[in-house]
Amino acid sequence: MTVRRCLVDAWIAIAIGLIPATLLFWIFDKEVPRSISYDISERIYPEAVAWSWLLLALLQAIVSFVSKDKEVIHLNASQAKFQLLLLSVVFAGFFILLYIGYIVGAMFYIIAMSWMLRERGWPARVLAIAVPLVVYVVMELAFDVRLPSIINT
Amino acid sequence: MELVVAAFYEVFAPGNLIFLVAGVVSGVVLGAIPGLSATMAIALIIPFTLTLDPVPALLMMTGAYKGGIFGGSIAAILIKAPGTSAAAATVEDGHALAKKGKGLKALKVSLVASVIGDTFSDIVLIISAAQLARVALQFGPVEYTAMTVFALTIVGSAAGRSLIKGVMSAAAGLTLALVGLDPTTGVPRLAFGVIDFYGGISLLALLIGMLTIAELLRQMEQRRSISRAHIPPPATRDDTRITREDAGLMVRPIIGGSVLGTIIGIIPGLGPTLGAFLGYDNAWRFARRPEQFGKGSVEGIAGAESGNNAVSGANLIPLLGLGIPGDVEAAILIGAFLIQGLSPGPLIFQEAPQVVYGLYVGLIVANVTLLLAGALAIRFYTRMAGVRTGLLFPVVFVLAIVGIYAFQQSLFDVGLAFFFGVVGYLMAKADIPRTTFIIGFILGPLLEDNFRRAMQISSGDYGILFSSHLGNGFWIAAIVSVIWISYHRRKRSRTEKGRQNGESQ
C-alpha cells in the first residue's frame, strides 16, 4: 500500500499538536503552579513554550495538507509486523527485568533479538548465557553495582 | 602557565592516559561497526565514567568521540556503509580505492586528514573559547534569551529535512525540560505526583534512550545486509601506504577542509556533514587531478575527512564559551559535564579552569593517540567492519540497559530510557530530528532562567526582549539564518529531484 508522505506528515503533526494542546488546556491547570512571583506568573514560560510547540505543529499540518509534493511512502505488512514484534520484545524484556531480574531479562533480549535478526545458531545461545553473567560479575566487582536479580529484589 | 603545566601532569598521569587510550580505541572499534556511530559510542561510555573524576571522564569521552568519527570512515571505505551522514562524502572515493586493492592507503589518508583537521580546530578552540567566554560574561538575560533562541532556531532548521519539524522538535524538548521543580518557587511542576520526576527527567536516560536504544531499534529493523564485496589484496607496497606523491596531493585539500570545517563547527547546528561536503567540494575545485574524483581520489578523501573532523573541535567553542551545544555530540558532552557537576559556559573558565585546560591538553593528546593507535592497529580495526551485527546489536542493547541502571541504580530510569527509545524510534520514522529535541531539552533551563529574569526586570513586558542591540543582532541572525537555510534546502531538493528525473528518463 502506498500513501502520500505529505498527508502522513499532516496527520502526524496533528497528533503531535494534541500534546501541547492537552498541556495548555488541561494539564497545566493541574500541574503548573499558578502563583505570581516578582510580578510575573509562574506559567509565563511554560505557556510560551507550549504555545510555540502548538503553533509549529499547526503550521506543519497546514503546510503538509496544502503541499503538492507527490512523494509516497510504501507501507509494508511484513515490516509493520517486524516493528510490532520488536517493540513487544522491548516491553516484554522490561517486565522480565522488573519482576524476575537482570540476568533472565538480558538473556531474553539477546535470544529474542538475535533470533529476529536471523542469528539462530550456537553463537547466539553462547552469547545469551555468557554476556549477562560476565557483565553481572564485572559490574559487581569493578563498579560495585549489583544489577537487579531475584536474589536481591 | 601553571594551569597548563598542571593540565599536562593530570593528562599524563598513568591512570588518566589509560582512560584516554581506552576511549580512543573503543570509539574506533564501535565506530567501525556498521550501524554504530561516534554518538552511540560516547552515549554508551558515559555511565562508565560516573565514578571517575571530571578530567579522566571527559578525556575518555572526547577520545571515544574522535575515535568514533575515524571509525565511521573504516566502514565507509571498506564496505560502503557510512556509519554517519558525515562519512558519506568519503564513501565514493574511499570505496573506489578499496576496490582497487588500495583500502589501507585510503584508510591511512583518512586517518592523517582526520587528525590534522581535528588538531587544527582544537588549536582554534584553545585560542578562541576563553575570548568568547569573556565577551559572553557581558551578556544579560535579554542577550542570553535571544542567543538561545537563535541557537535553537539554527539547530532546528539545519537538522533533518523539514525546517518546521526541526524547530517543533526543539520546542518539544524545551517543554520536556519543564518537568521537575519550578526553579523559582521549588514547587513540583508536571511531575504528576511521581517523586522520581521531582529532580527532572534523567538526562542520561534521555540520551541513551534517544541515541542508543532508538538507533539500535532502527538498525535492527533495517536488518542491514552488509555487502561483503570482494576487496582485492594490494598489488604493491605503495598500495598500502601514503607515498610522497600522495602526501603532496593531500596538502591543499587538508588545509582547505580544516579551515572550512572549523568555520562550520563554530556555528551551532551546521554539523560535520556540511563540513565534510564543503571540504570535498573545496578539494574538487582546487584539485590537481579532478578526473580522479569519484574513482578513488586521495584529494577527495583528504578534503572530506579533514572537513568532517575539523568540526568536532570547533563545536566545543560555543559549548565552552557560551554553554550552547553545536551538535548532538556536543550535547552529550554537555550532559557529561552536568553529570560531573559542572556547567559549561563562560563561568567554567573561572569555576573549573583545571578541567578546561585538562580538556585542551587531552584533545591534542587524543589526536596523537588516535594517529598512533590508528597506524599501529589499522588491520585489526578493519575486521570490525565485517562483524556480525545480528549478534552484536542485542549485546549492545543489553550494555545500554546496564549503563542506565548503573547511573542511579534505578529501574525507573531504565523504563524511562525505553520510553525515550520508542519515542526516538517513532520520531526517526516520522522524519523528526532527535538532535534538536535533545538540544532543546538541554538548553531549556538556560532559556527559562534568562527569559524569566528578563520578564522580572520588565514586570512582564515582552518589549524588553528587543531592547538590546546585541540581543536584536541575535534575533536578526535567527531570522536571516532560517531564510538562508530554507533557501538552500529548497535549492538542494530541486537539484535532487532534477537529478532523479534525469536518471529515471
Side-chain angles (χ1 to χ4, degrees), chain A residues 8-9 12-13 16 19-20 23 27-28 31-33 35 37-42 44-46 48-50 52-53 56-57 59-60 63 79 82-83 86-87 90-91 94 97-98 102 105-106 109-114 116-119 123-124 127-128 131-132 135 139 143-148, chain B residues 47-48 50-51 162 164-165 167-172 174-175 177-178 182 184-185 187-192 213 216-217 220-221 223 388-391 393-395 397-399 401-402 405-406 409 411 414-415 418 421-422 425 429-432 444 447-448 451-453 455-460:
Chain A
V8 175
D9 277 352
I12 289 174
I16 290 174
I19 304 172
L23 287 171
I27 293 176
F28 276 1
E31 289 290 331
V32 179
S35 56
S37 66
Y38 301 102
D39 288 342
I40 63 157
S41 162
E42 297 295 322
I44 190 168
Y45 175 77
V49 168
S52 326
W53 185 5
L56 285 160
L59 186 63
Q60 175 67 50
V63 167
Q79 200 179 2
F82 185 89
Q83 289 164 356
L86 192 58
L87 294 180
V90 170
F91 285 108
F94 179 61
L97 281 175
L98 213 53
Y102 156 77
Y109 275 129
I110 296 180
I111 285 281
M113 288 178 170
S114 49
M116 288 179 72
L117 297 170
R118 301 196 189 105
E119 287 287 354
L127 278 180
V131 170
V135 170
M139 292 308 288
F143 295 93
D144 208 15
V145 171
R146 175 159 289 191
L147 293 166
Chain B
F48 301 98
L50 297 170
T51 51
S162 154
I164 306 171
K165 280 183 184 177
V167 184
M168 181 173 72
S169 178
L174 289 174
T175 310
L178 294 172
D182 184 291
T184 317
T185 58
V187 177
R189 189 173 63 178
L190 295 173
F192 303 96
I213 294 180
L216 282 171
L217 294 178
M220 285 187 212
E221 185 202 321
R223 284 172 281 185
R388 284 158 73 176
T389 49
L391 289 173
F393 286 165
V395 173
F397 189 89
V398 167
L399 290 179
I401 297 170
V402 171
Y405 183 80
Q409 307 203 11
L411 276 170
V414 177
F418 280 155
V422 174
Y425 171 70
K429 294 245 133 232
D431 214 8
I432 299 170
L447 181 62
E448 174 168 16
F451 177 81
R452 285 171 78 150
R453 275 168 52 207
M455 286 296 111
Q456 282 164 9
I457 292 167
S458 69
S459 304

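Note on naming: letters A, B, ... go to the chains in the order of the sequence lines (proteins, then strands), and numbering restarts at 1 for each one.
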Can you tell which part of A/Pro33 gets under 4.5 Å to a heavy atom of chain B, answering side chain, backbone, both or neither?
-> side chain
Where B/Pro394 and A/Ser114 come nearest, the two heavy atoms and their spacing | CG-N, 3.7 Å
Relative to chain B, which of A/Leu23, A/Ile111, A/Val90 shows the most heavy atom pairs under 4.5 Å?
-> A/Val90
Hey, which of A/Ile12, A/Val135, A/Ile19, A/Leu86 has the most heavy atom pairs under 4.5 Å with chain B?
-> A/Leu86
Dump the intermediate steps for side chain to side chain contact (heavy atoms under 4.5 Å, CB included) on A/Tyr102 and B/Val414, then the final yes or no.
-> CA-CA 11 Å; A/Tyr102 156 77; B/Val414 177; over 6 Å; no
Please round to the nearest 0.5 Å and tell me the distance separating atom CZ of A/Phe94 and atom CG of B/Leu411.
-> 6.0 Å
Is there side-chain contact between B/Asp182 and A/Val32, with at least one heavy-atom pair below 4.5 Å?
-> no
Name the option with the most non-hydrogen atom pairs under 4.5 Å to chain A; the candidates are B/Ala406, B/Ala171, B/Ala172, B/Ala430.
-> B/Ala172
From B/Glu221 atom CD to A/Gln79 atom CD, the distance as rounded to the nearest 0.5 Å = 4.5 Å
Name the option with the most non-hydrogen atom pairs under 4.5 Å to chain A; the candidates are B/Leu391, B/Leu178, B/Val398, B/Ile401.
-> B/Leu391
A/Ile110 side chain reached by B/Phe397 side chain, heavy atoms, under 4.5 Å = no
Does A/Glu31 reach the main-chain N or O of B/Phe192 with its side chain, forming a donor-acceptor pair under 3.5 Å?
-> yes
In Å and rounded to the nearest 0.5 Å, what is the CD to OH distance from B/Glu448 to A/Tyr45?
-> 5.5 Å
Residue pair A/Gln60 / B/Ser162: nearest heavy atoms and the distance that separates them | OE1-OG, 3.4 Å
Can you name the closest pair of heavy atoms from B/Gln409 and A/Val145 and give their distance?
-> NE2-CG2, 3.6 Å
Between A/Leu97 and B/Tyr405, does a side chain to side chain contact (heavy atoms under 4.5 Å, CB included) hold up when you go through it step by step?
-> CA-CA 11 Å; A/Leu97 281 175; B/Tyr405 183 80; over 6 Å; no
Once you round to the nearest 0.5 Å, how far does NZ of B/Lys429 lie from CD of A/Gln83?
-> 4.0 Å
Looking at A/Asp144, A/Asp9, A/Val131, which one has more heavy-atom pairs under 4.5 Å with chain B than the rest?
-> A/Asp9
Residue among B/Leu399, B/Ile432, B/Leu447, B/Val187 with most heavy-atom pairs under 4.5 Å to chain A = B/Leu447
Point-to-point distance, once rounded to the nearest 0.5 Å, from CE of B/Met220 to CE of A/Met116 | 8.5 Å
Side chain, backbone, both or neither: which part of A/Val8 has a heavy atom under 4.5 Å from chain B?
-> neither
Once you round to the nearest 0.5 Å, how far does CZ of B/Arg452 lie from CD of A/Glu42?
-> 4.5 Å
